[in-house]
Amino acid sequence: MVSIEDIDYAINETLKAHPEFMEQYPITLKQTIQRGVNLKNFTSKNGARNKMANAKEADFLEFIITEIIKIYNSSIIFANQEISENISDKEANKQLNTFFPYFNNCYRIICEMANTKNLFLLFKENDGILLDAINIVLNNRYKNENRKKYIDYYGKYPQVLPNEKNNDLFEKLKNNTTKNIKNLKINYNALNKCLNDVLSGSQLKNKRNEYALSGEMFVTQDIGRVRKNQEDSAIIMEHPYNKDFKLLAVADGMGGLASGEFASSYTLQKIIEWFNTLPKEMYYDNQNITVSLNDKIRGISNDIYTKMHSTLDEITCGTTLVVAIVTQNETLISSVGDSRAYILKKGKLQLVTQDQSVIWPKKYTPESIPRKLLDDMRFSIFGNQILGCIGKKNIDSINNYKIKNDSYDKLLLFTDGITDLVGFDRIQAISSRYDNDRITSLIVNEALNKNAVRKKGIDSFNYGEIKAGKDNATAVMYARR
């Protein structure tokens, strides 16, 4: 066991020596708490790594919990001391979030902590809350030296909890103790392996991935028979403060471009970060979600452009994206490129998204395009030429859709490794006939094992056949209860 001060020192020295680590360090600390301490994640300078030689996962979790309490306490004191009573609540909240980044998220976490019996169990069993807490601590302690000093000076004052209970969280933390964490019965089935794999990067290292969450959301991925790398990324998750508020997404790193796997994985990591910070109330009032998501997508696209080819005019790294946000009454879908979303209602399949590709007929919408034409488009020799991708500078085209939740029984998202091989009727048949926990796997298997053959045969502008498993294949599904 090591002290909280030693952990703070080791993290601070590491981020000073390697400021470029800050972006990925939330994921590093999350893995440390859930999987164990890797000394290579700390700098050897100034004895920082040596201080972590005997550190345990529970030590880091205690550090995060302690810092969240201190940040909340010092932010309340800051509000009382520094923010004028004569300004509006909106302006006061803005000032508070400026000095203490993500204060609103911190407030939500404190509410959860005040109403739980065991603080360690709260964070061990809730991936979203843990990642949110780590982000808050890193942004408040290690990006502004003045703020860090303020937190250390005022953070240990007795706090007033949001529910106004006279309940000292420091005392609750002391009573839980890190020793008791070994005796907790963690429900590992409730943890989101898909989320962990996206954040850690391990999703890209496996030839095949199968995920399920809450008996409602499912993912199957396969590297295929030709590609050497997995460039598809996929996520299914629930909002950390509202399990009915859901996110599903697939991203297809562009084949043939450098680091397509980076683009797809980075995009979903940033989408996850964005979703975790959404106020849970947006589940009931979703009017601003699409605007916020589109802004995030544009920011991600510019980030990828800057990181991978800031000195080049051409695009050398990119990804498609289709993302769905399930709210109380509606599902919001945004897409870039040619990854697709479908819905199934009473056995009838409907395409929701329109491909951003050179072969999409301009006169048709997703609802009006004939099935036979949609299937025949798969064989075009120009089928891999897409008009939109994330990785462009100042991306100009994001397609947005809004559908009623009662308009579908199942929501399906696919990369083109599926839709190039598996025709409309086969997707409809498999999605209608089989148990929910088998559907994504069966669809991926069909893309891997059955060639697609064009009824009209080969001609100057179309291939006669598409070989099974020619690309990475990813299928995601949400089955409404």
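By convention here, the first residue in the shown sequence is residue 1. The analysis underlying the following values was restricted to heavy atoms, covering all of them including side chains, and did not include hydrogens, waters or symmetry mates.
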Legend entry - Inter-residue atom distance Tyr266.OH - Ile271.CD1, 0.5 Å rounding: 10.5 Å
Legend entry - Basic-acidic side-chain contact under 4.0 Å: Lys270, Asp303: no
Inset, instruction - List the steps and the verdict of side-chain hydrogen bond (donor to acceptor under 3.5 Å, both in side chains) for Gln221 and Asn206. - result: CA-CA 9 Å; Gln221 291 182 296; Asn206 303 322; over 6 Å; no
Inset, instruction - Please confirm whether the backbone N or O of Pro366 pairs with a side-chain atom of Gln350, one donor and one acceptor, at under 3.5 Å? - result: yes
Legend entry - Heavy atoms of other groups near Asp89 CG, more than 12 under 6.0 Å: no
Legend entry - Residue pair Tyr408 / Thr331, side-chain donor-acceptor N/O under 3.5 Å: yes
Inset, instruction - Test Phe218 against Tyr211 for ring pair (Phe, Tyr, Trp, His ring centres under 6.0 Å), laying out the working first. - result: CA-CA 6 Å; Phe218 306 89; Tyr211 306 107; over 10 Å; no
Legend entry - Side chains of Asp252 and Thr320, donor plus acceptor under 3.5 Å: no
Please tabulate, one pair per line, all N/O donor-acceptor pairs under 3.5 Å involving side-chain atoms of residues 49-56, not counting sequence neighbours.
unit_1, atom_1, unit_2, atom_2, d
Arg49, NE, Leu39, O, 3.1
Arg49, NE, Phe42, O, 2.8
Arg49, NH2, Phe42, O, 2.9

Inset, instruction - Could you tell me whether the side chains of Ser264 and Thr319 share a donor-acceptor contact shorter than 3.5 Å? - result: no
Legend entry - Pair Glu145, Tyr150: side-chain N/O donor-acceptor within cut-off below 3.5 Å: no
Inset, instruction - Would you confirm whether Asn209, through its side chain, and Gln203, through its main-chain N or O, come within 3.5 Å as a donor-acceptor pair? - result: yes
Legend entry - Validation row: Met237, Cys194 side chains within 4.5 angstrom (heavy atoms): no
Inset, instruction - State whether a side-chain donor-acceptor pair under 3.5 Å links Asn276 with Tyr102. - result: no
Legend entry - Short side-chain donor-acceptor distance under 3.5 Å, Thr43 and Thr14: no
Inset, instruction - Please report the closest heavy-atom contact between Ser74 and Phe100, naming both atoms and the distance. - result: OG-CE2, 3.6 Å
Legend entry - Check: Asp197/Ser202 side-chain N/O donor and acceptor closer than 3.5 Å: yes
Inset, instruction - Determine, stepwise, if the pair Arg35 / Lys30 fulfils side chain to side chain contact (heavy atoms under 4.5 Å, CB included). - result: CA-CA 8 Å; Arg35 302 184 182 185; Lys30 183 174 181 292; over 6 Å; no
Inset, instruction - Determine, step by step, whether Ile68 and Val137 satisfy the side chain to side chain contact (heavy atoms under 4.5 Å, CB included) criterion, reporting the C-alpha distance in whole Å, the side-chain angles of both residues, the deciding distance to 0.1 Å, and the verdict. - result: CA-CA 6 Å; Ile68 282 290; Val137 171; 4.0 Å; yes
Inset, instruction - Mark yes or no for whether Ser75, through its side chain, and Ile71, through its backbone, hold a donor-acceptor pair below 3.5 Å. - result: yes
Legend entry - Closest contact, heavy atoms only, Ala133 versus Phe123: CB-CE2, 3.7 Å
Inset, instruction - State the OG1-CZ distance between Thr267 and Phe262, to the nearest 0.5 angstrom. - result: 8.0 Å
Legend entry - Exercise: do Asn46 and Glu13 side chains pair donor with acceptor under 3.5 Å: yes
Legend entry - Any donor-acceptor N or O pair under 3.5 Å, side chains Asn405, Gln328: no
Inset, instruction - Ignoring hydrogens and angles, tell me if any N or O in the side chain of Asn192 forms a donor-acceptor pair with the backbone of Leu195 under 3.5 Å. - result: yes
Legend entry - Distance-only polar pair, side chains of Asn472 and Asp222, donor-acceptor under 3.5 Å: no
Legend entry - Phe63 to Ile4 - nearest heavy-atom pair and separation: CD1-CG2, 3.5 Å
Inset, instruction - Could you tell me whether the side chains of Ser397 and Gln356 share a donor-acceptor contact shorter than 3.5 Å? - result: yes
Inset, instruction - Find out whether Asn12 and Lys148 are in side-chain contact, i.e. whether some heavy atom of one side chain is under 4.5 Å from a heavy atom of the other. - result: yes
Inset, instruction - Compare all side-chain heavy atoms of Leu413 with those of Ile333 and state whether any distance is below 4.5 angstrom. - result: no
Legend entry - Residues that Glu210 engages under salt bridge (charged side-chain N to carboxylate O under 4.0 Å, His left out), provided they are two or more places apart: Arg208
Inset, instruction - Would you kindly say whether Thr415 and Asp232 are connected by a side-chain donor-acceptor distance under 3.5 Å? - result: yes
Inset, instruction - Inspect the contact between Lys149 and Asp152 and indicate whether a charged nitrogen and a carboxylate oxygen are less than 4.0 angstrom apart. - result: no
Inset, instruction - Answer yes or no: is there a side-chain heavy-atom contact under 4.5 Å between Tyr25 and Ile11? - result: yes
Inset, instruction - Identify the heavy atoms of Ser265 and Val198 that sit nearest to each other, and give their distance. - result: OG-O, 3.9 Å
Legend entry - Check: Ser441 side chain, Arg438 main-chain N or O, donor-acceptor pair, under 3.5 Å: no
Inset, instruction - Report the relative orientation of the aromatic rings in Phe21 and His18; use parallel for angles under 30°, tilted for 30 to 60°, perpendicular for over 60°. - result: parallel
Inset, instruction - Kindly indicate whether the side chain of Asn400, heavy atoms from C-beta on, has any atom under 4.5 Å from the side chain of Asn294. - result: yes
Legend entry - Side chain Arg480, main chain Lys410, donor-acceptor under 3.5 Å: no
Legend entry - Main-chain N/O of Asp8 paired with Arg141 side-chain donor or acceptor, under 3.5 Å: no
Legend entry - Main-chain N/O of Ile403 paired to Ser407 side chain as donor or acceptor, under 3.5 Å: no
Inset, instruction - Check whether any side-chain heavy atom of Ser339 sits under 4.5 Å from a side-chain heavy atom of Phe414, and report yes or no. - result: no
Inset, instruction - Give a yes or no answer on whether the side chain of Thr116 reaches the backbone of Leu119 with a donor-acceptor pair at less than 3.5 Å. - result: no
Side-chain donor/acceptor pairs under 3.5 Å, residues 239-247, sequence neighbours excluded:
unit_1, atom_1, unit_2, atom_2, d
His239, ND1, Tyr241, N, 3.1
His239, NE2, Leu278, O, 2.6
Tyr241, OH, Asp132, OD2, 3.3
Asn242, OD1, Asp244, N, 3.0
Lys246, NZ, Glu216, OE1, 3.0
Lys246, NZ, Lys243, O, 2.9

Legend entry - Student check: side-chain heavy atoms of Ile443 and Ile418 closer than 4.5 Å: yes
Legend entry - Nearest heavy-atom neighbours spanning Leu351 and Ala341: CD1-O, 3.5 Å
Legend entry - Phe78-Tyr154 aromatic ring centre distance below 6.0 Å: no
Inset, instruction - Could you walk me through whether Asp416 and Asp471 pass the side chain to side chain contact (heavy atoms under 4.5 Å, CB included) test, one step at a time? - result: CA-CA 8 Å; Asp416 65 354; Asp471 199 357; 3.3 Å; yes
Inset, instruction - Mind running side chain to side chain contact (heavy atoms under 4.5 Å, CB included) on Thr440 and Val476 for me, showing each step along the way? - result: CA-CA 6 Å; Thr440 57; Val476 173; 5.8 Å; no
Inset, instruction - List the atom of Leu344, the atom of Ser431, and the distance in Å for their closest heavy-atom pair. - result: CD2-O, 3.5 Å
Inset, instruction - Check the surroundings of atom NZ in Lys345: do more than 12 heavy atoms from other residues, nucleotides or ligands lie under 6.0 Å from it? - result: yes
Legend entry - Lys45 side chain near Lys16 side chain, heavy-atom distance below 4.5 Å: no
Legend entry - Heavy-atom donor-acceptor pair, Asn38 side chain to Lys40 backbone, under 3.5 Å: yes
Inset, instruction - Calculate, to the nearest 0.5 Å, the distance between atoms CD1 and CD1 belonging to Ile272 and Ile235 respectively. - result: 4.0 Å
